[in-house]
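For reference, the structure is listed below as structure tokens.
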Amino acid sequence: VTARRSTSRGYPPFVIDGKAVSNDRLDRARDEAGELAKKGIVPGLATVLVGENPASRVYVAAKSRAAKACGFHSEQFELSSEIQESELLALILRLNEDPLIHGILVQLPLPPAINPTKIMASIAPHKDVDGFHPINVWLAASGDMSRALLPCTPAGAMILIDKACVELETHLSGKSAVIIGRSSIVGRPMANLLLARDCTVTIAHSKSRNLPDIVRGAAVIVAAVGQPEMVRGDWIAPGAIVIDVGINRLPATGQNRGEGSESRLVGDVDFATASLVAGAITPVPGGVGPMTIAMLMTNTLIAACRANSVAEPMM
Ligand code: GUN
């Protein structure tokens with residue numbers, strides 16, 4: 001049992017259990033799919049993996065496994081890294097027309113010979129469960145969140161921020177939020193989501209000056225830079241909500257090298273020092289990571305409802 005805390009209490013922080021929140025959402029997605037099945041609707045997700053990136057392979061396998069666990073129809077496509085862009089485009093056009101498929105996910109990064117912007121733009125916007133199509137990017141950028149399909153990782157991070165706000169008995173409106181990282185997958189869409197919730201948003205990046213000072217001014221910090229343990233406790237205002245999107249694999253080193261030693265997964269936040277001051281913080285692993293897949297299932301469900309003119313579930 002955790003006692004309720006005010007934001008002025010920094011220690012111990014509320015550790016946001018993304019795994020539990022994700023499992024909860026996956027359960028609800030499965031229940032909703034059961035309701036849709038009574039109407040003869042089965043949400044369908046197609047995943048497309050191009051090339052041999054081992055991390056991508058793991059992510060795509062997890063996505064199609066989750067889809068099956070939710071009772072969705074799931075199809076996986078694996079293409080060689082040698083394929084022509086036109087072959088990938090042809091597959092997407094076929095999936096755009098396929099009535100069994102409501103969501104299409106092309107795992108990024110793509111091989112250098114393939115233009116990701118062109119590929120994302122070729123996916124039918126209503127099947128774009130990654131939220132990367134220009135129309136969905138535009139809807140999110142203009143604050144039209146209810147009509148957009150939203151990118152999964154930022155949308156999942158947002159749900160964890162809401163959990164933290166409930167736990168800390170606070171609200172987002174008017175708060176200053178700093179995002180570290182300006183990628184189109186996380187940083188930029190995260191800024192749009194926080195802006196839509198009336199935060200004052202700063203996007204910091206590799207060229208930002210005085211980064212620690214910028215971060216110190218934030219009530220909400222989202223780290224998405226891919227720099228292991230970069231954000232340290234002394235960068236964080238007491239009571240801040242700290243969301244760590246980083247997943248960095250550190251090689252086994254020093255005394256634990258050798259037999260039985262394993263590489264370690266760490267985030268962009270130095271959890272040990274950050275948790276001495278944060279009001280709420282996500283762990284790595286078990287924080288934002290699991291939410292991405294849950295949000296992909298939510299988006300697929302939403303896409304299936306819209307395709308069939310059925311009211312969207314309130315999730
Ligand atoms: N690569 C890293 N994150 C993502 C994501 O959310 N979707 C896709 N398609 N590729 C990714």
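First listed ligand is number 1; within each ligand, the first listed atom is number 1. Since the structure is predicted, the reported quantities are computational estimates derived from the model, not experimental observations.
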Margin query: Evaluate Leu105 for polar contact with ligand 1, using N/O atom pairs at a separation under 3.5 Å.
Written below: no
Review item, side-chain donor-acceptor pairs of residues 308-315, under 3.5 Å, at least two apart:
from	atom 1	to	atom 2	distance (Å)
Asn308	ND2	Ala304	O	2.8
Glu312	OE2	Arg306	NE	2.6
Glu312	OE2	Arg306	NH2	3.4

Note to self: Would Asp130 count as a polar contact of ligand 1, with the cut-off being nitrogen or oxygen pairs under 3.5 Å?
What the structure shows: yes
Next item on the list: May I ask you to identify the nearest protein heavy atom to atom 11 (C) of ligand 1, giving residue, atom name and distance to one decimal place in Å?
Entry: Gln107 NE2, 3.3 Å
Next item on the list: Please say whether more than 12 non-hydrogen atoms of neighbouring residues, nucleotides or ligands are located less than 6.0 Å from NE2 in His205.
Entry: yes
Note to self: A side-chain contact here means heavy atoms from C-beta on lying under 4.5 Å apart; do Leu110 and Leu88 qualify?
What the structure shows: yes
Margin query: According to side-chain hydrogen bond (donor to acceptor under 3.5 Å, both in side chains), does anything in residues 84-104 pair up with another residue at least two apart or in another chain? List the pairs.
Written below: Glu85-Lys118
Notebook entry, point to check: Of the protein's non-hydrogen atoms, which lies at the shortest distance from atom 10 (N) of ligand 1, and what is that distance?
Noted result: Leu108 N, 3.0 Å
Margin query: Counting only nitrogen or oxygen atoms and a 3.5 angstrom limit, does Phe132 reach ligand 1?
Written below: no
Check: Who's the nearest protein heavy-atom neighbour of atom 3 (N) of ligand 1, and how far?
Finding: Ile185 CG2, 4.0 Å
Item checked: Beyond-backbone contact of Val245 with Asp268, side-chain heavy atoms, under 4.5 angstrom -> no
